[in-house]
Each structure stands twice: as structure tokens, then as C-alpha cells.
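Every chain is numbered from 1 and lettered A, B, ... according to where its sequence line falls, protein lines coming before strand lines. Just so you know, these numbers come straight off a predicted model, no measurement behind them.
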Amino acid sequence: MGENREDVTSNDDLSFEGALQRLEEIVRQLESGDVGLEESLNLFEKGVGLAKVCSGKLEEAEKRVEVLLEGDGEPQPFNVAGRSAANR
Amino acid sequence: MPNLRRTFWLTNQWNCGDGVSTPSIFSVAALTLKIKQLLEQDAKLRQVLVRGEISNFKHHSSGHMYFTLKDQSSRLKCVMFRSRTGRLQFSPEDGMTVIADGSVSVYERNGEYQLYVDNLQPEGQGALHLAFEQLKNKLRDEGLFDPQRKRPIPFLPRRVGIVTSPTGAAVRDILSVLDRRFPDVPVLIAPAVVQGSDGPASVVRALARLNARSDLDVVIVARGGGSLEELWTFNDEQVARAVAQSRLPVISGVGHETDFTIVDFVADYRAPTPSAAAEIAVPEKSALQESIGTLQSRAQAALGGIVRVRTDRLESLLVRPAFTRPLDKAVQWQQRVDELVSMAQRAAQRSLDSREERFRGIVGKMESLSPLATLARGYAICRTAKTSEVVKDAAQVRPGTALRVRLHKGELACRVEASE
């Protein structure tokens with residue numbers, strides 16, 4: 001049973017998980033203390049940008065629960081039926 | 001043909017022909033009874049052995065057992081009364097293949113023929129189990145279960161597709177879990193029949209419809225718990241192949257934790273239940289938001305640390321005298337020199353002064369001791385004119401002696417008149 005959680009880039013340049021990983025890397029570098037001041041400032045700025053990208057992607061989703069009907073029409077809003085004996 | 005026959009007996013009725021058997025109109029009960037009698041008359045059916053797989057097994061509170069025996073093509077309703085069940089040496093279960101020993105008759109009330117079971121013996125694995133194993137081996141040998149084939153499940157799908165029954169608990173559970181973990185994730189349901197003979201084609205079609213779309217990133221194939229028979233759709237070969245060939249990654253969430261269907265082996269990820277499948281499909285939004293926040297804080301703290309180390313270092317350098325009073329040393333030396341010079345001067349001066357003072361002191365003393373100073377005070381020096389001997393005693397001179405008296409200013413020539 002496969003258990004991979006990786007990121008799938010749709011049409012974006014940087015996917016959520018890619019951005020998050022890069023942000024983690026930057027934080028590790030900053031915390032390591034091996035980086036000079038100039039570089040630190042650069043990294044920090046990049047990190048802020050990445051955090052914005054991540055947050056943005058989380059908020060992008062627009063809630064829509066729809067169901068495909070018979071035929072090839074457009075999906076319709078789906079209402080969860082009450083307890084039904086059908087198919088059980 | 002049936003039409004002809006009907007016409008025949010209708011006309012026959014009117015004609016009241018003799019010697020030809022006239023079909024009668026039965027009541028339901030009568031027909032049922034006739035069937036029952038027919039069956040019961042057949043000696044072969046009075047004691048018959050049947051092999052089949054148990055399903056829909058129910059051990060009624062009355063003690064009677066009701067179940068269905070089935071194979072790939074057909075089903076047979078069975079009842080084993082309490083009086084007989086005592087003979088059982090095992091616990092019958094759904095899925096078991098058994099040999100049933102009993103008689104065929106009709107339960108008139110329901111119009112169902114049944115096998116009235118006198119005894120049951122188990123026989124190896126159930127047929128369905130066997131079919132399951134066979135298909136599993138076949139597809140495994142084709143490599144459809146290989147871990148390398150399994151696609152990664154997208155971390156954050158744009159939209160989640162679900163193949164499931166639009167009614168029932170599975171879809172409700174999935175939507176509820178999705179809503180809890182990631183409240184705004186869009187969802188598209190492709191409704192399907194999830195059991196019975198219509199199941200496989202329906203599921204295959206639903207999956208195809210989802211794969212044809214471009215706005216989905218993952219599909220959940222789900223069905224609530226059920227018997228092996230009820231879950232059989234997900235052991236169907238066509239369904240398994242459709243899942244294996246799916247363009248979109250598939251998470252299977254069929255039945256309960258212990259249910260394993262062929263679809264579970266072929267899917268890109270097997271979840272034990274429909275709810276668990278939903279947990280796999282989307283991440284937890286609040287946890288992600290927290291992670292981002294934490295990372296930002298850490299970055300700020302780290303950067304602050306880096307800057308602070310440097311400003312501290314800079315400051316500690318800047319407070320050193322080398323920076324605040326860079327001429328300090330030189331000034332100090334200069335000052336020292338000046339001081340020494342002054343000291344030397346003063347010492348020289350003091351020395352001079354003291355000498356001078358001594359000198360003056362001596363001079364002063366001398367002056368005060370000097371007879372001239374005495375004369376200035378009014379005293380006179382008296383000498384004899386003849387010998388210039390200083391006269392200190394009046395008895396020294398007789399009256400008439402010539403004296404010379406030196407005054408502070410000038411001299412006097414004197415003669416002694418009397419001495420006293």
C-alpha cells in the first residue's frame with residue numbers, strides 16, 4: 001500500500017508543499033548560525049515571501065460540494081441525504 | 001405462443017370442450033400449494049445435498065438460522081430450525097462453503113421455495129473467497145499491486161472526487177471529515193451503485209467520468225461496511241483494472257478496517273474506512289497555518305539573534321577607549337610630561353625660594369643685629385675721643401673727658417660733665 005504524500009504541481013510554479021519545504025530550509029539555515037548578516041537578511045526576505053505564498057494557497061479554495069448527474073450536464077450542488085437504506 | 005394458448009383456452013371455455021384438460025385460474029394460495037406439493041413429491045428433493053456459500057446469515061433470537069446458499073449464478077434460501085442446529089459442530093458464517101443436507105419445500109406465506117436444512121458441513125474455503133484469491137493472484141502477477149506503481153497522493157488537492165453512493169453513511173462521513181480538516185476544499189461526487197450486479201459497471205463509469213475532468217487532483221472510492229457479498233463490486237476485475245488505470249490517484253476506503261478488497265490492493269493508497277480515506281485526501285488546514293506561523297516566528301527570532309550578535313560585538317568594540325577617546329594615551333603622556341615639568345619647576349623654585357629666604361633671613365637678622373639698626377632706634381655709640389674706646393660703663397670716664405658720640409645720623413663731640 002503506497003503511502004506517499006508528495007506535492008503535485010498543477011499550473012503553479014511553486015506548489016504549497018514545495019514552498020513550505022523551502023521555507024523550512026531557510027529557517028534551518030538561519031538557525032544554524034552559519035550565515036552572514038547580508039545573506040541572513042536576504043534569506044529572511046525570501047522566507048517572508050514564501051510564507052505569503054503558502055498562506056495564499058491555503059485560502060485559495062472555494063467551498064463547493066457538487067454531484068455529477070446522469071447525462072453530461074454540469075455538476076449540481078449536493079445535499080447530503082438523510083439516513084437512507086438504499087445501497088447499504 | 002402464449003397468446004395462442006390463451007386464445008385457445010378462452011375459446012375452449014366458451015365451447016366447453018370435453019376430453020381436453022381445461023386450464024383453471026388459480027388463486028395464489030392454490031398455485032403456491034401446488035408448487036409445494038410438486039416439490040415435496042419429488043423424492044430427490046426430499047433429501048438433497050447442496051453445496052454453496054453461506055451469505056446473509058442470521059441466527060434469529062428464536063434459535064432458528066436463516067441464510068442463503070449461493071454460487072456464481074444462483075441463490076437458495078435456507079432455514080435451519082433450532083431443533084436441528086444442535087447438531088452443528090461449527091459456527092456457520094457468511095462466506096463459508098458448506099454442504100447442506102435437507103429437503104426442498106415452499107414457505108407458502110412468502111411464496112418462496114426453501115431448503116429446510118437438517119445438517120450443515122463446512123467445505124474448505126467459500127467459492128467467493130476462492131474467486132477472490134484467484135483474481136488477487138492474477139492481478140498481482142500482472143504487477144498491478146506493485147508499490148512502485150502507486151502514485152503519490154497530492155498534498156493539497158485543488159478538488160477531491162468521490163465515487164460512492166450518494167446516499168448512505170459513507171458519503172456523509174467523508175464530507176464531514178473533509179469539512180473538519182480543510183473546510184473550504186471543493187468536492188465532486190460521481191454517484192455509483194456500490195453493490196449488486198449493477199455495481200461494477202456503475203463504479204467503472206463513475207471513475208471514468210471523474211478522470212475525464214481537469215479540475216480534480218485525487219479520487220476517493222468508498223463504500224460503507226458490509227458482507228463479502230455486499231462488497232463484491234470492489235472485488236470485480238473490471239473495477240480493479242479501472243482503478244489501476246485511473247489517471248487520477250485513487251484512495252480506497254471500502255468497508256471496515258478488516259475488509260480487504262481487490263480495489264484496496266490496486267489503489268494508490270488503501271484507507272481502512274471511508275472516513276480514513278478523507279483524512280488522507282486533505283491535510284489539516286489549521287495545522288498548516290500553525291506551521292507557517294511557527295516558521296515565521298523562528299525565522300524572525302533567528303534573524304534577530306544574528307543581528308544582535310553583531311550589534312553586541314560592534315557595541316563592545318565601540319565602547320573601548322580606543323574608539324571613544326582615541327587621543328587619550330597621548331594626552332595622558334602629555335599631561336604627565338607637563339606635570340613633571342611643573343614639579344621640576346616648582347622644586348627648583350622652592351629650592352631657590354628657600355635659599356633666598358634664608359638669605360633674607362640672615363640679612364634680616366644681621367640687620368636687626370646691626371649696630372646701625374640699634375642707632376636707628378635711638379641708641380648712640382659713645383667712644384673716647386682719644387682712644388675711640390667704646391664706653392659702656394659710666395665709671396670708665398672722668399668728668400672732663402672728651403667723648404665722641406655717634407648718633408644714627410652724625411656725631412657729637414662731647415665732654416663729660418659728671419658720671420653717674
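Counting heavy-atom pairs closer than 4.5 Å to chain A, the top-ranked of the candidates R149(B), Q148(B), Q296(B), Q300(B) is Q300(B). Between chain A and the residues P186(B), A302(B), P183(B), the largest count of heavy-atom pairs under 4.5 Å involves P186(B). Among the candidates P191(B), G293(B), A190(B), the residue making the largest number of heavy-atom pairs closer than 4.5 Å to chain A is P191(B). Of all the listed residues (I189(B), L288(B), V185(B), I306(B)), the one sharing the greatest number of non-hydrogen pairs under 4.5 Å with chain A is I189(B).
Both the backbone and the side chain of R298(B) come within less than 4.5 Å of a heavy atom of chain A. When heavy atoms are compared at a cutoff of 4.5 Å, L175(B) approaches chain A solely by way of its side chain, counted from C-beta outward. Only the backbone of L69(A) comes within contact range of chain B, judged by heavy atoms closer than 4.5 Å. In this structure, chain A has heavy atoms under 4.5 Å from both the backbone and the side chain of V307(B).
For the pair E279(B) and R180(B), the minimum side-chain heavy-atom distance is below 4.5 Å.
Using modelled atom types, one finds no donor on one side chain facing an acceptor on the other under 3.5 Å when comparing D173(B) with S176(B).
Remark: K58(B) fails to qualify as a cation-pi partner of Y66(B) under the 6.0 Å distance and 45° angle criteria applied to the six-membered ring. Relative to the six-membered ring of F265(B), R140(B) misses at least one condition, a distance below 6.0 Å or an angle of at most 45° to the axis.
Listed for the R151(B) side chain is a donor-acceptor partner under 3.5 Å among the backbone atoms of R247(B).
The aromatic rings of W232(B) and F132(B) are tilted relative to each other, their planes meeting at an angle between 30° and 60°.
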